[in-house]
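Per chain, numbering begins at 1; letters A, B, ... match sequence-line order.
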Amino acid sequence: MSVITVENLRHTYSAGTPFEKVAIDDISLSIPAGQFVGLLGHTGSGKSTFIQHLNALLQPTSGRVLLDGEDINKDKKTRHDVKWKVGLVFQYPEYQLFEETVFADIAFGPKNMGLKKEEIEERVREAAGFVGVKEELFERSPLELSGGQKRRVAIAGVVAMRPEVLILDEPTAGLDPAGSRKIMNNICRYREQSGATVIIVSHNMDDAARLAERLIVFDHGHVAMDGTPEEVFSRPQELINIGLSVPQSTAIAMALREKGMPLEGSVFTHEQLLKAVAKAKGVALC
Amino acid sequence: MLKDITLGQYFPGDTVAHRLDPRTKLILVFLYIVALFQAKGWVGYGLVLLATVVCMAVSHISPKNIFKGLKPMLFIIALTAALNIFYTQGTPIVEGWIITWEGLERAVKMMLRITLLIAGTFLLTYTTSPMALTDGLELLMNPLKKVHVPVHEITIMMSMALRFIPTLIEETDKIMSAQKARGADFENGSLIQRAKALLPILVPLFVSAFRRADELAVAMESRCYHGGEGRTRMKQLKMAARDWIALALGLLLLAAVIVLKHFGL
């Protein structure tokens, strides 16, 4: 399994023109195999630029990206092959569907890998299973599906490459609560069964708090905070200053503390909030 | 990068050239082109060149930008020049050579003519926003409505097409990245393979273009758009004194060139 190491990564758009813009500046971090990482940050904070470096879609202006200690931009071949290992699902991935059938679309990635027919079929079934796309949809056109189904087919298209690192940019943007819950659960299941590293870019603080083991907060091309959800959400004011929100429970806890209720510890889930309030009030929870 | 494409790019500014009514500028370009094709002798060409330089100075457009736009046309300019040099009869430069003095003169004039033609039209698009340009066109073509030419429809289609070029470029960029992330290869392989590799870009692009067109139509209808009939404008185009002066100068240029031609200059 793969370890991602980023060393002094820096990326400048339109370098040398009047439109020059530093998107990310001197980022160094390491993501161990199997970790579930949430990437937070407001629009334009550089998180999308950052994730496109992890599978060599963008090349760093300076600095290096290492996968298992090997520079992924070493030559043309590694730059191409890293895409099988690091799967990237873009925002609104349903707009990239193009094949005539759902099956063919999910098979696009594995086909590009040059796999045999049986292997492709096995992977397509497996990926469809992970994201909950039923096999009777295989022969339908992806354009006939509903929004949520399209999104899941698109995610399956990346999962079918069996990436060791799965990166998703806002996978639940624009979906209804039931649809987003389903997708988040599918991603969790993929991670459990494959042991892959998962990096999710999200605006939804509640999802990030509930699922991720580690949160990295981007601000103006820098890493502003990096730690467990406990650590990050114990500094809610900083998050708000950056222009992000905090989970509902954290916001309630902040308000209660302001009113004088002595809540202990870091609060970012409903259970923690309940426990903390019960403790402060001296009530036993049944 | 795809984003760097310049296509009749507009440079915002606040010069007299920017403030001129788009109708004036369209007519001026028309007069300019006629004058350019009427010019015969060096004096005539010199006069048009002078007019171009003055316009460039007035609109604060640097020659660098004009030359940048000329780049794609270099091949055509060079080809025209070469043909004129080699295929004109006359007195050879050196005895026995195919190159003649007449050919050389014609080649230089042709190059000058094409360059000035492009420079003049660039000055129009550099100083006029696409919206103003289509507005001006619509008003100029208004008389054609009498003979049932759908002038308003033509111009609104034009302005929409211009408006969506950057959007589509951005979209193409995004789809390309997404397909590359799934291992699509656009750079290697034979011509046929590369043409086939475009399919994963073109299909989503067309799907989203149709979706966008649909959404745009609904958005326009929900704002009660129903064609050009009875439509008023927020920005009324009005001819000012400077417009009449500019037009007079344009006519003067044309007249001068024609008179010079008459005297063979």
Side-chain angles (χ1 to χ4, degrees), chain A residues 13-17 19 48-49 51-52 54-58 76-77 79-100 104-115 127 141-143 147 150 154-161 163 166-169, chain B residues 1-6 9-13 60-62 64-65 68-69 71 126 164 166-190 193-216:
Chain A
Y13 282 114
S14 318
T17 71
F19 305 105
S48 291
T49 308
I51 55 172
Q52 289 185 57
L54 300 184
N55 73 343
L57 266 180
L58 289 177
K76 226 174 155 185
K77 193 177 170 337
R79 205 184 293 158
H80 186 67
D81 290 352
V82 72
K83 300 194 171 76
W84 320 135
K85 287 187 188 161
V86 181
L88 176 56
V89 181
F90 275 86
Q91 210 169 4
Y92 299 107
E94 56 271 31
Y95 295 140
Q96 76 193 27
L97 301 176
F98 71 97
E99 281 283 9
E100 280 170 53
D105 210 290
I106 300 178
F108 181 64
K111 222 192 244 162
N112 286 333
M113 296 171 78
L115 299 173
S141 159
L143 301 178
K150 274 188 206 168
I155 294 176
V158 173
V159 167
M161 303 189 299
L166 181 63
I167 308 173
L168 302 108
D169 192 352
Chain B
M1 255 307 241
L2 282 169
K3 269 180 213 152
D4 301 331
I5 294 173
T6 50
Q9 202 184 30
Y10 168 58
F11 289 113
H60 293 303
I61 301 289
S62 74
K64 213 176 81 191
N65 282 321
K68 219 170 73 188
K71 244 188 228 156
Y126 280 165
F164 277 102
T167 314
L168 285 177
I169 289 176
E170 208 176 289
E171 187 107 0
T172 314
D173 243 8
K174 246 192 238 164
I175 295 171
M176 268 176 95
S177 298
Q179 306 299 25
K180 268 194 214 158
R182 294 208 278 166
D185 190 353
F186 304 121
E187 279 131 36
N188 301 313
S190 66
Q193 274 172 329
R194 266 189 283 177
K196 264 189 186 163
L198 285 180
L199 208 66
I201 301 175
L202 290 180
V203 173
L205 196 63
F206 271 94
V207 170
S208 81
F210 280 119
R211 183 177 45 86
R212 231 182 260 286
D214 224 26
E215 282 169 5
L216 184 67

Of all of A:Trp84, A:Tyr95, A:Tyr92, which one pairs up most often with chain B through heavy atoms under 4.5 Å apart?
-> A:Tyr95

Smallest heavy-atom separation, B:Pro200 atom then A:Phe108 atom, equals CG-CZ, 3.9 Å

A:Gly109, A:Pro163, A:Gly87: which one forms the most heavy-atom pairs within less than 4.5 Å of chain B?
-> A:Gly109

Check whether B:Ser208 gets within reach of chain A through its side chain, its backbone, both or neither, counting any heavy atom under 4.5 Å.
-> neither

Please state whether the side chain, the backbone, both or neither of A:Gln52 comes within less than 4.5 Å of a heavy atom of chain B.
-> side chain

With no hydrogens and no angle check, is any side-chain donor or acceptor of A:Gln96 less than 3.5 Å from a backbone partner on B:Pro204?
-> no

Determine whether A:Asp105 and B:Arg182 make a side-chain contact, defined as any pair of heavy atoms from C-beta on separated by less than 4.5 Å.
-> yes

Determine whether more than 12 heavy atoms belonging to other residues, nucleotides or ligands lie under 6.0 Å from atom CZ of B:Phe206.
-> no

Lys/Arg-Asp/Glu bridge criterion (N-O < 4.0 Å) met for B:Asp185, A:Lys83 = no

Is it the side chain or the backbone of A:Leu58 that comes within 4.5 Å of chain B heavy atoms, both, or neither?
-> neither

Under 4.5 Å from a heavy atom of chain B, the part of A:Leu88 involved = both

Atom NZ of B:Lys180 and atom CG of A:Asn112: how far apart are they, to the nearest 0.5 Å?
-> 13.5 Å

